Amino acid sequence: MAKADFELPNIENGVRVPAIKPGAMAHVKYHPASEAHLSKTGFPANRVDNWKEVALAKMNELMGKYKSLQLFLDVCVKCGACADKCHYFLGTGDPNNMPVARQELMRKVYRKNFTVGGALFGGLARAEDLTEEVLQEWMTYFHQCSQCRRCSVFCPFGIDTAEISMAAREIMDSIGAGQKYTLEIIAKVHDTGNNLGIPKNALIGTLEFLEEDVKEATGVDVKFPLDQKGAEVMLIVPSADFFSSPHVDSLVGYAKVFHAAGISYTFSSHASEFANFGMFIGSYDNTKKIATRIADAGRDLGVKRIVVGECGHAYRVAYSFWNTLAGPFDFLDKNYPVPTHICEFTEELIRRNALTLDKSANDEFTVTYHDSCNVARGSRMGTEPGGQFEIPRNILKAVCNKYVEMDPESNREKTFCCGGGGGLLSDELLEVRVKGAAPKAAALKEVMDNQGVNTMAMICAICKAQFTKVLPYYDIPMEAVAGVHQLVSNAIQLGGK
Amino acid sequence: MATIQIAGKNIEVDEDGYLVNLEDWSEEVANSLAASEQVEMSPNHWEVVNFLREYYQEYKIAPMIRILTKEIGKKLGKDKGNTKYLYELYPGGPAKQACKIAGLPKPTGCV
Amino acid sequence: MSGLSPLSLVYAVLSYAVTAVFFGGLLHKLWGYAVTPNPLNIATTPAPATRGGVIVSNIVNIATFSSLFKGNRWTWIGGYAFHVILLAVFARHLRLFLHPVPPLLVLIQPVALLGALLLPLPLIYLLARRKAVDRYAWISSPADYFVLVLLLLIGLSGLGLKFVSHSDMVGIKQFLLGLVMASPVDMPPHPAFIIHFTLVLMLAAYFPFSKLMHAGGVFFSPTRTMVDDPRERRHVNPWAAK
């Protein structure tokens, strides 16, 4: 069990709504971005001198560009329906982690500078100027929001705190006060095509290694092709799949599915990253640039379809935003959705009986499924609303004999985020991450204790990295974390050996 | 940028304690970084660090964990060629903690 | 407006000023919501994949507060009761502005009167709620209490008008109709009515500058009003020139 130098929430019998503890998480600060990363991503390299004026001007600009921001700053009635819905509030008790209070950090500045009441009545209207102190609150608490959208489900008006935290980050970046973790990664993807900064020759080496490794294990020549012009499919995966465990096991799973289906595919060295951290910082330009890179790669390779791997926020960007940002994708075959999620791809093959699956290969696992927040509330799979819940489950039920559901109050549309999304997957934010994972850990623990679950499958690179790191704090082994296509990989029969 | 002092030399490190300049690395530096991570360097620990450095010199990136585990399995025996053993050596994670001690930059992304 | 008593003159001017502020402010705000673009499709999913489906789901949510129900049953009970009663009371007041009174309005008077009697209850409940739960106490500002207290005073003064002081309803109706027809007549110099009417004018003037804008804003919320069809139909960002 990993040891924490802070107090852990109790997850036995579910996570209770805590009493508020003002300032409980005020001490957590992110590492500031360097000059190089800020410049590379299009922001001032250092805090600008007249930062307050610049920030307010940016806020005004964003309110004119985003209906969501303008409306959400006005219409909250502070009913508090969202107050106990955020995993960071449930895990920390810090009242600024209640979605409504997090929004208030921006709303109080809005009132002071953009409303009559705030200008006239000041403190009585809870209006406040954007002081250094308020900016510090922004830096802290807008980086304790994983933009998971859970609050928006329960809000009478659909107010999505993610929209506010994205705007806040865009404002902070625009005055040169950005976060290192996200901006360093965005700078890398602009430079090298992926978040890890894997150069092309290393990517080639990695893919060759995987071909040998799979050949050794199965006796079958499963290909991991790179930059193969004229392939049917371009497969875009989070670069963590080329690096981490258990991520790589799903990568092997995708490759096996393509092999078994007999459909040619290729990775791209130009766009070797599915993740798009531009969304986390609310930067339209950076999000667009990263998305466009992928569209360009597909066009250059002359593929007919784009299939995307297991990555939650990236699937939201791809599903909801790609068409706007980098479309129209008229060079692709119109018979397939753009993009096609690997789960849609695999499930369709399963329904057609095109895959030979041996469920007993997963008999050592009793599996449950974690709905990743961005997939659950920011995308769809298939043609029916809610397909994003059913399709991955259909796959799991086809490849495992023992499948168990977690409490639907913590999953599906109401799923709790892993606690590491939204650009929070950074070590200096570990305390936030561990505490924010408590509600999901509690739901998992419940099915582990009562139904013998030992594996939680998921389709998100951040979830995988976050859970392997933080579940041990709750006495849950990191081996419990698996990718959906990792289990597909175990069960799929390739006819070799 | 912060600096740490090792053997009378000032060495620049980033916010997380990773070396800023790779050429500042030496075995002495590695031992000192390991001590700050509460890792006691055994010969098996060095195998990991040495492989990471070799791989980095060739590819300018840390290897995929699976490549590392396979390599360690070859060198130290099959029973040790797995992630679990790497976590035994480096409880802070083979990617992050071992890279730090090997003087490599911190891996970024969803890792 | 000559021939009006000084008090009536003041109130006639105030009424027109408040009406202008209310509608001007409201339209200004709603116009802002309407014309500000949605650069990206941010429907909170699962959401209907058709425009018709979205309209139905919004009607259901607005008519039943279904998402609040999902969020918190206790808040839903108070909030929903308050809004339904408010609607009934509002409908009841329409008779004072219309001549002749439509039969439907006549028909609902008894139910609406019951509503008026009950109005203070959910308001007191909603006030108590803000004090009783630490989370709500933390987020509640003077503005949040102000609106509830103002509504409560309006309700109580209205009941006072009806049951305690037995005011001159015919005179009140003539005064209000006079305002509507732009030919003001004298206001009945009745203290209960003046208090009630003044409070209502305050509420109307405050409306466009406050969270009360949720009443119009709810129709524009992009997470709820956008159709979940970004793959099928390319959503074009109006401000992306390229």
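Proteins get letters first, then strands, A, B, ... in listed order; numbering begins at 1 in each. What you see is a predicted model, and the numbers here were worked out from it, not measured in a lab.
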Exercise for review: With the side chain counted from C-beta on, respond yes when C:Pro230 and A:Thr324 share a heavy-atom pair under 4.5 Å apart, and no when they do not.
Suggested key: no
**Study point:** Minimum-distance pair of heavy atoms, taken over all atoms of A:Met98 and C:Trp138
**Key:** CE-CD1, 3.3 Å
Review point. Is C:Thr223 reaching over with its side chain to a backbone N or O of A:Gly158, donor-acceptor style, under 3.5 angstrom?
Key: yes
Point to revise | Heavy-atom proximity to chain A below 4.5 Å, by part of C:Ser141 | key: both
Study note, to complete from the structure: With chain C, the option among A:Ala125, A:Ser379, A:Gly387, A:Ala101 that has the most non-hydrogen atom pairs under 4.5 Å is A:Ser379
Review point. Do you know which two heavy atoms are closest between A:Phe89 and C:Arg135, and how far apart they sit?
Key: CE2-CD, 3.6 Å
**Study point:** Among the listed options C:Arg233, C:Met213, C:His235, the residue most often paired with chain A at heavy-atom distances under 4.5 Å
**Key:** C:His235
Review point. Can you check whether A:Gly327's main-chain N or O pairs, donor with acceptor, with C:Arg234's side chain at less than 3.5 Å?
Key: yes
**Study point:** Polar contact flag, side-chain donor to acceptor under 3.5 angstrom, C:Asn41-A:Tyr319
**Key:** no
Review point. Side chains of C:Phe220 and A:Val75: does their closest heavy-atom pair fall under 4.5 Å?
Key: no
Point to revise | Shortest non-hydrogen contact from A:Cys155 toward C:Ser67 | key: O-OG, 3.1 Å
Exercise for review: Could you tell me whether a side-chain N or O of A:Arg380 sits under 3.5 Å from a main-chain N or O of C:Ala47, the two making a donor and an acceptor?
Suggested key: no
Check your understanding: With no hydrogens and no angle check, do the side chains of C:Ser221 and A:Lys67 hold a donor and an acceptor under 3.5 Å apart?
Key -> no
Exercise for review: Using a strict 4.0 Å threshold on nitrogen-to-oxygen distance, state whether A:Glu344 and C:Arg231 make a salt bridge.
Suggested key: yes
**Study point:** Heavy-atom check, side chain of C:Leu40 versus side chain of A:Ser320, under 4.5 Å
**Key:** no
**Study point:** Non-hydrogen side-chain atoms of C:Lys70 and A:Lys85 separated by less than 4.5 Å
**Key:** no
Practice item. Just say parallel, tilted or perpendicular for the rings of C:Trp239 and A:Tyr66, cut-offs at 30° and 60°. Key: perpendicular
Practice item. Select one option (side chain, backbone, both, neither) describing which atoms of C:Arg130 are under 4.5 Å from chain A's heavy atoms. Key: side chain
Point to revise | Minimum side-chain heavy-atom gap A:Asp74-C:Lys29 below 4.5 Å | key: yes
